[in-house]
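Report on one structure; see the data block that follows.
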Amino acid sequence: MINDSRIAAERLLTWYDHHRRDLPWRSRPGEEADPYRVWLSEIMLQQTTVPAAAPYFRNFTERWPTVRDLASAPLDDVLVAWAGLGYYARARNLYKCAQVVAGELGGRFPDTEAGLLELPGVGAYTAAAITSIAFGRKATVVDGNVERVIARVFAVEEPLPNVKPKLKALAATLTPDARPGDYAQAMMDLGATVCTPRKPKCMLCPWAEWCAARAAGIQEELPRKAAKADKPTRRGVAYWLLNPEGAVLLRRRAEEGLLGGMTEVPSTAWTPTAPDEAAVRAQAPLEAGWRRLPGTVRHTFSHFHLELEVVAAKAGDGWRRAEGLWVPVDRLGGQALPSVMMKVVRHALAHA
DNA sequence: CAGACGTGGCT
DNA sequence: TAGCCAAGTCT
């Protein structure tokens with residue numbers, strides 16, 4: 001058990017100094033942090049791995065070097081740039097947040113947790129991360145990594161998510177006054193590289209000698225988690241429609257909800273049982289000689305599986321009556337197509 | 001407050 | 001293969 005939090009923090013920071021990773025959003029030692037880059041990276045990293053976020057971060061910062069640049073961009077450009085990263089509400093909130101900061105806040109991010117918490121898309125974790133990393137002020141950062149480290153060090157056996165408040169309170173008892181940003185990143189790095197979910201590398205851990213879970217031999221079992229509900233399957237039919245000019249019919253999804261504001265290949269509703277012939281005809285964007293393409297597009301969202309059949313047709317003279325936007329096939333890359341829709345596109349291109 | 005909300009990589 | 005997992009937030 002850790003009985004001297006000051007010594008534990010120093011030990012962790014020393015470990016961090018020797019194992020600091022070079023990440024695109026991380027400032028060099030001694031270099032002043034840019035709150036915009038810290039904020040942008042933290043939003044992108046929510047529920048997202050470092051390798052997945054890194055290229056997006058590079059693209060965003062190259063295109064929009066400041067929060068004012070981002071706020072000045074059309075929302076659709078931001079959604080196109082975000083396409084493929086997932087959790088699209090983050091992109092919409094990112095844009096809203098940029099408007100607020102560039103507008104009423106005069107281009108400066110709040111430098112307190114309470115102030116940051118007011119911003120769209122910024123919750124407890126992100127507020128603490130920006131406070132400590134961007135502004136060098138003390139804050140207790142608790143993400144999934146930190147929860148795991150704390151659950152193990154203190155051998156907390158109650159399951160997540162109910163035990164979150166307790167883990168945060170325990171984490172706060174360890175947070176030092178010195179080097180807030182480095183400490184926050186050290187805790188997360190420790191969880192990401194040493195105190196990993198499976199096969200933790202306890203031999204490399206700066207806190208191994210104080211770890212209660214390790215002492216009890218239960219480090220791989222912690223943190224315990226409540227069982228998750230299994231995912232239902234929904235089914236639908238997507239419509240691949242080409243006009244005489246070789247353009248594809250796409251639509252913009254509703255601003256709220258799943259894939260909100262993103263572009264899609266038109267489809268029937270996604271329901272537990274596949275739509276029958278009549279339903280497919282009724283929901284088609286146009287009367288046409290629809291023919292079924294072989295195969296199935298499968299995709300898994302956070303809370304359900306999706307199976308899409310694809311039907312294809314060439315639109316006749318009345319093609320202008322279809323609702324949506326016609327996009328030439330070679331310009332689909334400029335659309336805000338989420339991954340599931342990219343799968344549909346690839347499937348149609350391969351089989352149509 | 002439990003459920004909605006993406007994706008890709010790893011085991 | 002099927003499930004688990006990643007620097008969470010919003011409603």
Side-chain angles (χ1 to χ4, degrees), chain A residues 21 23-26 37-57 79 82-94 96-97 116-134 139-149 160-162 164-165 167-168 171 181 183-193 195-200 220 223-234 253-262 264 270 298-306 336-343:
Chain A
R21 292 187 292 168
L23 301 174
W25 41 82
R26 199 164 270 185
R37 293 168 65 90
V38 173
W39 162 74
L40 178 62
S41 68
E42 293 302 342
I43 301 297
M44 285 185 168
L45 287 164
Q46 290 168 6
Q47 297 290 283
T48 304
T49 58
V50 165
Y56 285 84
F57 180 82
L79 293 181
W82 195 276
L85 238 203
Y87 284 133
Y88 298 98
R90 288 185 297 171
R92 304 192 296 272
N93 285 147
L94 182 84
K96 276 189 216 162
C97 183
L116 288 159
L117 231 23
E118 298 292 313
L119 299 172
V122 176
Y125 160 76
T126 305
I130 298 174
T131 299
S132 58
I133 298 170
T140 298
V141 168
V142 183
D143 70 338
N145 292 124
V146 177
E147 285 175 348
R148 185 169 56 254
V149 170
L160 289 168
N162 289 336
K164 276 172 182 280
L167 294 177
K168 175 151 191 171
Y183 179 80
Q185 293 176 86
M187 282 290 281
M188 292 189 282
D189 271 17
L190 184 68
T193 66
C195 195
T196 47
R198 290 171 303 257
K199 302 186 188 308
E220 294 215 47
R224 300 192 199 285
K225 298 189 178 186
K228 294 172 186 171
D230 41 331
K231 298 176 182 184
T233 299
R234 298 185 197 170
R253 292 180 60 89
E255 299 300 318
E256 302 293 314
L258 185 69
L259 309 177
M262 302 297 285
E264 67 174 355
W270 301 345
R298 292 171 207 284
H299 189 79
T300 298
F301 292 100
S302 50
H303 53 301
F304 66 93
H305 302 288
L306 178 65
L337 289 164
S339 292
V340 61
M341 293 302 155
M342 287 305 295
K343 284 187 187 177

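Chain naming here is simple, since letters A, B, ... match the order of the sequence lines and numbering starts at 1 in each. Keep in mind it's a predicted model, so treat the numbers as computed, not measured.
Counting non-hydrogen atoms of neighbouring residues, nucleotides and ligands closer than 6.0 angstrom, the CD atom of A/Glu255 exceeds 12 such neighbours.
As rounded to whole Å, 12 Å separates atom C1' of C/dA6 from atom CD of A/Gln46. Remark: C1' of C/dT11 and CD of A/Glu256 are 11 Å apart, rounded to the nearest angstrom. B/dG6 atom C1' lies 12 Å from atom CE of A/Met341, rounded to whole Å. Atom pair A/Leu160:CG and C/dC4:P shows a separation of 15 Å (rounding to whole Å applied). Here C/dA6 presents its C1' atom at 6 Å from CD of A/Gln47, a figure rounded to the nearest Å. Atoms NE2 (A/His305) and P (B/dT7) sit 15 Å apart, rounded to a whole Å. Taking atom CZ of residue A/Arg198 and atom P of nucleotide B/dG9, one finds them 15 Å apart after rounding to whole Å. The interatomic distance linking A/Arg148 (CZ) with C/dC5 (P) rounds to 9 Å, in whole Å.
If you take atom P in C/dT9 and the same atom in B/dG8, they sit 22 Å apart, rounded to whole Å. Taking atom P in both B/dT7 and B/dG3, the straight-line distance is 22 Å, to the nearest Å. Separating the P atom of B/dG6 from that of B/dC10 is a span of 23 Å, rounded to the nearest Å.
Comparing C/dA6, C/dG8, B/dT7 against the side chain of A/His299 picks out B/dT7 as the nearest. Picking from C/dC10, B/dG8, B/dT11 the nucleotide with the shortest atom distance to the side chain of A/Asn93 gives C/dC10. Comparing C/dC5, C/dT9, B/dG6 by their closest approach to the side chain of A/Phe301 singles out B/dG6.
Within 4.0 Å (heavy atoms only), A/Val122 reaches sugar-phosphate atoms of the nucleic acid but no base atom. As judged by a 4.0 angstrom heavy-atom cut-off over every strand, A/Gly257 is placed among residues touching the sugar-phosphate backbone only. Among the atoms of the strands shown, none is found under 4.0 Å from any heavy atom of A/Val141. Residue-level contact check: A/Thr126 touches the backbone only, with heavy atoms under 4.0 Å from sugar-phosphate atoms and none from bases. No engagement by A/Leu94 is indicated, since no non-hydrogen atom pair under 4.0 Å with the nucleic acid exists. At a threshold of 4.0 angstrom between heavy atoms, the contacts of A/Ala124 are confined to the sugar-phosphate backbone, with no base atom among them. Using a 4.0 Å heavy-atom criterion, one finds that A/Trp82 contacts no nucleic acid atom at all. Counting non-hydrogen atoms under 4.0 angstrom, A/Arg253 reaches nothing in the nucleic acid. A/Gly260 comes within 4.0 angstrom of nothing in the nucleic acid, heavy atoms only. Among the protein residues, A/Arg26 comes within range of the nucleic acid bases, having at least one heavy atom under 4.0 Å from a base atom. Within 4.0 Å (heavy atoms only), A/Ser339 reaches sugar-phosphate atoms of the nucleic acid but no base atom. Using a 4.0 Å heavy-atom distance criterion, A/Pro51 is classed as making no nucleic acid contact. Residue A/Pro161 is out of contact with every strand shown, counting any heavy-atom pair closer than 4.0 Å. Using a 4.0 Å heavy-atom distance criterion, A/Ile43 is classed as making no nucleic acid contact.
Between A/His303 and B/dG6 there is no side-chain polar atom (N or O) within less than 4.0 angstrom of OP1 or OP2. For A/Tyr87, no side-chain nitrogen or oxygen approaches OP1 or OP2 of C/dC10 to under 4.0 Å. Residue A/Arg90 places none of its side-chain N or O atoms closer than 4.0 Å to OP1 or OP2 of B/dG6. Put simply, A/Thr49 has no side-chain N or O that comes within less than 4.0 Å of OP1 or OP2 on B/dG8.
Within the model, atoms OG1 of A/Thr48 and CD of A/Gln46 stand 8.0 Å from one another, a figure rounded to the nearest 0.5 Å. If you take CH2 on A/Trp25 and CG on A/Leu45, they are separated by 4.5 Å, rounding to the nearest 0.5 Å.
Take the nearest nucleotide of DNA chain C for A/Lys225 and for A/Leu117: the residue whose nucleotide is more 5' is A/Lys225. Checking A/Asn162 against A/Leu85, the closest nucleotide of DNA chain B that is more toward the 5' end is the one next to A/Asn162. The residue among A/Leu119 and A/Ser41 whose nearest nucleotide of DNA chain C is located toward the 5' end is A/Ser41.
Between the side chain of A/Tyr56 and the backbone N or O of A/Ala83 there is at least one donor-acceptor pair closer than 3.5 Å. A/Gln185 contributes a side-chain N or O that, together with a main-chain N or O of A/Gly181, makes up a donor-acceptor pair within less than 3.5 Å.
If you check distances only, the side chain of A/Thr48 does reach the base of B/dG6 with a donor-acceptor pair under 3.5 Å. With hydrogens and angles left out, the side chain of A/Tyr125 and the base of C/dG8 share no donor-acceptor pair within 3.5 Å.
Proximity of A/Val141 to A/Tyr125: side-chain heavy atoms (C-beta onward) are separated by under 4.5 Å at one or more points. Contact check for A/Trp82 versus A/Arg90: side-chain heavy atoms found under the 4.5 Å cut-off.
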- Chi angles and distances behind the side chain to side chain contact (heavy atoms under 4.5 Å, CB included) call for A/Val142, A/Lys164: CA-CA 9 Å; A/Val142 183; A/Lys164 276 172 182 280; over 6 Å; no

